[in-house]
Each structure stands twice: as structure tokens, then as C-alpha cells.
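For reference, the structure discussed in these notes is given below.
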Amino acid sequence: SQQGEEDPQALSIQEGENATMNCSYKTSINNLQWYRQNSGRGLVHLILIRSNEREKHSGRLRVTLDTSKKSSSLLITASRAADTASYFCATDARETSGSRLTFGEGTQLTVNP
Amino acid sequence: ETGVTQSPTHLIKTRGQQVTLRCSSQSGHNTVSWYQQALGQGPQFIFQYYREEENGRGNFPPRFSGLQFPNYSSELNVNALELDDSALYLCASSGSGSYNEQFFGPGTRLTVL
């Protein structure tokens, strides 16, 4: 079963614009991670934010986490055509027996040149 | 490139057959997780191996089984294949720390006819 829900399911923007994707989840988490996937290939790890963090930056990426609302957002600034991909959030509710990632359905981002 | 490799890249099987998928983890990683990703959906956790022992399992039937070897590489075996087993199978390796990200391989695309 999917814990996370990404919003929107699909997003189409012009190159240079910012893209914001949202993720909601249901249970308590240890950390939340964002991944990118090109055309059914492997997942590329983008950023990990811990449950005690509120915001994190990496290059053109900005991730926020609101544990009270059980939600996260991924902002890609100054988008490029090469950013076209599916983006997934994944929650890690690690307890005692190691982590397992629970993924949302993903957001398909299209950046038009 | 994550250093995680999977073989084969593509595989076609018929219903009722058995399949073995292989994964080599990134150097220094002792944990391997397997995920199934159906078309248009997010990955779903199958199981995880830590130091050759199963360390957590998702909602998959017993005909999905696995192994981890002393060099931490891993196999996923699926018996009595069903049409719904058609999917991209992803493995991910990680260390055992609390905030270790998972590094994904490129996946094996399995088609069951």
C-alpha cells in the first residue's frame, strides 16, 4: 500500500520556471526522501530530510517538512528541460528492524524548452 | 551511477515459470532492499536483507523469496509467476545507520506473458 500521496500527479512548466511538488503521508516517520526517476529507469536519490529538520537545500532543490501536517514539498528552481522526470517522495518509518521506504505515486514533471 | 548493478536488464517469462533476479550492492553496504514497481505506480517494498538475514518484509506472498550472500549481493526469486508480477524490480543497497540513504540499481524489467 502507498503511504504518500504526491500532488499534483502531473505538472507541465516552461524552462526557467519553478516547480513545486507536494507529498502527504499518514504515519510517523524517521526521515523523508525525494527521488527522481527517468522513464522507468532506476531511482536517483535527491535529498533526505530528517524528522527533526524543517528545511533543506541542495543546489536548485529545496525541501520542506512539516511533521505536524505530515507533509513535505520539493521545490526545483530555475527548471531545465533535463529536469523532466517522475519525482517520488518516500517515507522511512524506521523502528527497530531497519528501514523500509514507502513511496507515493509520484509526480510527472515535464519542463518544456 | 550508484555502484548498484542488477541483472538481467530485461526478462520475459510465461505464467507459472520461476525467475531469479540478481543485485550487486555498492561497496561497503551490508543491506539490500527489493522493491516492485508496477507501471505508473510508485515502488512497493518487497523485503530487506541485512547480513544475510531477512530483515523485514512487505505485503508479498511467500512465492517471493530472497537470499543475501556473504559479499552482500542478493537474489530475488519469484515462483509460479503471475501476469501481475510484470513490473520493474529495483534493488537498493544501504549501510545500516539510521539516516543512510538507499542507492538504487537500474532495475530489471520483468514481463510475464
Side-chain angles (χ1 to χ4, degrees), chain A residues 1-7 9-10 21 23-53 56 58 61 63 65 85-108, chain B residues 1-7 9-10 23-24 26 29-51 53-60 68 86-111:
Chain A
S1 63
Q2 305 287 342
Q3 153 145 267
E5 292 184 4
E6 276 97 340
D7 168 44
Q9 289 186 332
M21 288 161 269
C23 167
S24 60
Y25 57 91
K26 298 173 185 173
T27 63
S28 297
I29 62 171
N30 175 284
N31 64 75
L32 184 145
Q33 305 177 35
W34 284 89
Y35 287 85
R36 167 198 167 118
Q37 185 177 42
N38 285 20
S39 300
R41 299 287 296 164
L43 294 163
V44 175
H45 185 269
L46 296 176
I47 198 164
L48 180 154
I49 186 164
R50 303 179 183 188
S51 58
N52 62 354
E53 297 176 314
K56 205 161 182 181
S58 177
L61 305 180
V63 168
L65 179 64
S86 293
Y87 291 83
F88 294 90
C89 70
T91 55
D92 183 352
R94 173 188 294 263
E95 295 175 354
T96 59
S97 62
S99 72
R100 64 174 64 179
L101 295 178
T102 303
F103 286 84
E105 298 282 346
T107 293
Q108 173 61 50
Chain B
E1 295 293 326
T2 63
V4 179
T5 60
Q6 290 186 244
S7 62
T9 305
H10 296 88
C23 171
S24 292
Q26 185 166 315
H29 287 176
N30 54 19
T31 302
V32 173
S33 304
W34 286 92
Y35 294 83
Q36 180 196 66
Q37 185 178 22
L39 198 61
Q41 297 184 16
Q44 292 202 28
F45 176 78
I46 303 175
F47 44 55
Q48 181 181 88
Y49 279 83
Y50 170 65
R51 293 187 174 178
E53 298 286 332
E54 188 177 289
N55 185 41
R57 188 179 182 92
N59 189 26
F60 281 81
Q68 187 179 32
S86 294
L88 181 68
Y89 288 84
L90 298 161
C91 80
S93 76
S94 61
S96 54
S98 294
Y99 296 106
N100 284 3
E101 66 185 76
Q102 296 193 16
F103 293 85
F104 282 81
T108 293
R109 172 73 61 186
L110 172 65
T111 302

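Sequence lines set the chain letters: A, B, ... in the order given, protein chains first and strands last, and positions in each chain run from 1.
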Less than 4.5 Å to any heavy atom of chain B: does that hold for the side chain of A:Gln108, its backbone, both, or neither?
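Neither part.
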
Do B:Tyr50 and B:Gln48 have side-chain atoms, one donor and one acceptor, less than 3.5 Å apart?
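Distance-only check fails for B:Tyr50 and B:Gln48.
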
Does a side chain donor of either B:Gln37 or A:Gln37 reach within less than 3.5 Å of an acceptor in the other side chain?
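A pair is found: one side chain offers a donor N or O, the other an acceptor, under 3.5 Å apart.
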
With distance as the sole test, does A:Arg100 use its side chain to make a donor-acceptor pair with the main-chain N or O of B:Arg57 at under 3.5 Å?
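Yes, because the side chain of A:Arg100 sits within donor-acceptor range (under 3.5 Å) of the backbone of B:Arg57.
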
Under the 3.5 angstrom rule, does the side chain of A:Gln33 hit a backbone N or O of A:Leu101 as a donor-acceptor pair?
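No, because the side chain of A:Gln33 does not come within donor-acceptor range (under 3.5 Å) of the backbone of A:Leu101.
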
Given heavy-atom pairs under 4.5 angstrom as the criterion, report whether the side chain, backbone, both or neither of B:Gln6 touches chain A.
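Neither; nothing under 4.5 Å.
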
Would you mind checking which part of B:Tyr35 comes under 4.5 Å of any heavy atom in chain A, side chain (CB onward), backbone (N, CA, C, O), both or neither?
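Contact with chain A is through the side chain of B:Tyr35 alone.
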
